[in-house]
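Reviewing the structure listed below.
Just the heavy atoms: all of them, side chains too, but no hydrogens, waters or symmetry mates, feed the values below.
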Amino acid sequence: PTLLYTIKFEEMNDDQLDEQEVLLSIYEDDPNFKQVSDTVYCYKFICQDNGMKSFMIQITWPKDYPESDDAVLDLDSFFNSHIKVDEKDQILNMVREHYEDWSGMAMTFNIINHVLDHVEDFREVIKNEQVVERQEKEAGAVQEKKAKATEPSTKGMTKGQKRRFYDKFGNIDSEDKPRGWNWVDVIKHLNKTADV
């Protein structure tokens, strides 16, 4: 039996083919640019100082793009999971303000270029309040662990560890009395009780 595989190619109009060719030639060496499919493109805006200020915009071309439909923007990828929903909406609205200027023409390059030119304005929108709180909690937990590690502790020590500790430091708890001063000799004790 022969298996036939069908590959579904998305139908693209001439304007889309031209724009695709231009985008691939412009961004061929850019590691932040990715072509997901014939009509879906992603661009990562990486912040070298603070990775939590980085974000990725996904641009999808509808069937009638660019003539009658505008490109669809999306920030719902896993890469943007650190950004709150209202911050994502604010970023998208900041880009969509310029849609009128680009309507009816190829806009993918314009969107990427606009965000690159104003990337600091977009990064100011991202607050990362939950991330900051989590990082502060983790830093506090690390400091507590360090504090506990520096405290000398006799809890959980094996007999050998206790013996070496007491040989080195002596009996700290009871006023320098020799080790075993209050031990009972079991054999003498049993001899005394056997007569009774």
Side-chain angles (χ1 to χ4, degrees), residues 5-143 145:
Y5 295 99
T6 58
I7 299 173
K8 181 182 176 186
F9 290 101
E10 298 175 27
E11 290 185 30
M12 297 174 63
N13 59 39
D14 290 337
D15 290 334
Q16 290 176 343
L17 289 170
D18 292 342
E19 184 174 2
Q20 180 184 37
E21 184 179 334
V22 169
L23 288 173
L24 294 177
S25 67
I26 292 172
Y27 296 113
E28 67 182 335
D29 294 330
D30 191 343
N32 296 322
F33 180 79
K34 180 169 174 107
Q35 180 183 7
V36 178
S37 72
D38 286 339
T39 59
V40 180
Y41 300 88
C42 295
Y43 197 90
K44 292 181 184 176
F45 301 91
I46 305 295
C47 181
Q48 300 299 332
D49 300 334
N50 181 359
M52 299 312 288
K53 293 281 187 177
S54 300
F55 61 97
M56 180 176 73
I57 291 183
Q58 180 173 316
I59 303 166
T60 306
W61 297 345
K63 187 174 184 173
D64 295 330
Y65 169 84
E67 296 162 4
S68 58
D69 289 335
D70 292 332
V72 177
L73 298 180
D74 186 10
L75 288 171
D76 292 332
S77 68
F78 181 75
F79 188 82
N80 298 326
S81 62
H82 61 283
I83 304 173
K84 292 182 180 178
V85 175
D86 60 324
E87 294 170 350
K88 289 178 185 179
D89 292 340
Q90 191 173 352
I91 290 171
L92 292 175
N93 289 334
M94 289 170 69
V95 176
R96 288 182 184 131
E97 288 175 1
H98 300 279
Y99 264 31
E100 290 178 15
D101 301 335
W102 306 325
S103 186
M105 58 188 243
M107 63 171 49
T108 304
F109 174 78
N110 292 335
I111 291 169
I112 294 171
N113 198 37
H114 173 73
V115 176
L116 282 171
D117 289 345
H118 300 93
V119 72
E120 291 306 318
D121 297 335
F122 290 97
R123 287 189 178 134
E124 287 178 12
V125 172
I126 304 170
K127 302 284 191 269
N128 295 321
E129 292 168 355
Q130 294 172 342
V131 174
V132 170
E133 290 173 9
R134 185 180 72 226
Q135 288 173 344
E136 288 174 356
K137 286 180 184 177
E138 289 173 358
V142 168
Q143 288 177 351
K145 284 183 181 179

Does Asp15 have any side-chain hydrogen bond (donor to acceptor under 3.5 Å, both in side chains) partners at least two apart in sequence or in another chain, and if so, which?
-> none
Residues forming a side-chain hydrogen bond (donor to acceptor under 3.5 Å, both in side chains) with Tyr43, sequence neighbours excluded = Asp30
What is the minimum heavy-atom distance between [X] and [Y], and which atoms define it?
X     : Y     : answer
Met56 : Ser77 : CE-OG, 3.1 Å
Asn80 : Lys88 : O-CE, 3.4 Å
Ala71 : Pro62 : CA-CD, 4.1 Å
Gln20 : Asp38 : NE2-OD1, 3.4 Å

Any donor-acceptor pair under 3.5 Å linking the side chain of [X] with the backbone of [Y]?
X      : Y      : result
Asn93  : Asp89  : yes
Glu87  : Lys84  : yes
His114 : Asn110 : no

Do any pairs count as a salt bridge (charged side-chain N to carboxylate O under 4.0 Å, His left out) and have a residue in residues 17-29, sequence neighbours left out, and if so which ones?
-> none
So how far is it from [X] [atom1] to [Y] [atom2], rounded to the nearest 0.5 Å?
X      : Y      : atom1 : atom2 : value
Tyr41  : Leu23  : OH    : CG    : 6.0 Å
His118 : Glu124 : NE2   : CD    : 12.0 Å
Ile112 : Asp117 : CD1   : CG    : 12.0 Å
Ile59  : Met107 : CD1   : CE    : 9.5 Å
His98  : Asp101 : NE2   : CG    : 7.0 Å
Ser81  : Leu75  : OG    : CG    : 12.0 Å

So do [Y] and [X] actually touch side chain to side chain, heavy atoms under 4.5 Å?
X      : Y      : result
Val115 : Phe45  : yes
Trp61  : Gln16  : yes
Thr108 : Ile111 : no
Ile83  : Phe55  : yes
Tyr65  : Val72  : no
Cys42  : Phe79  : no
Ile57  : Asp74  : no
Gln58  : Leu73  : no

With the threshold set at 4.0 Å, does a side-chain nitrogen-carboxylate oxygen contact exist between Arg123 and Glu120?
-> yes
Quick one: do Thr39 and Lys63 satisfy side-chain contact (heavy atoms from CB on, under 4.5 Å)? Show the steps, please.
-> CA-CA 9 Å; Thr39 59; Lys63 187 174 184 173; over 6 Å; no
Answer yes or no: does atom CG of Asp14 have more than 12 heavy-atom neighbours from other residues, nucleotides or ligands under 6.0 Å?
-> no
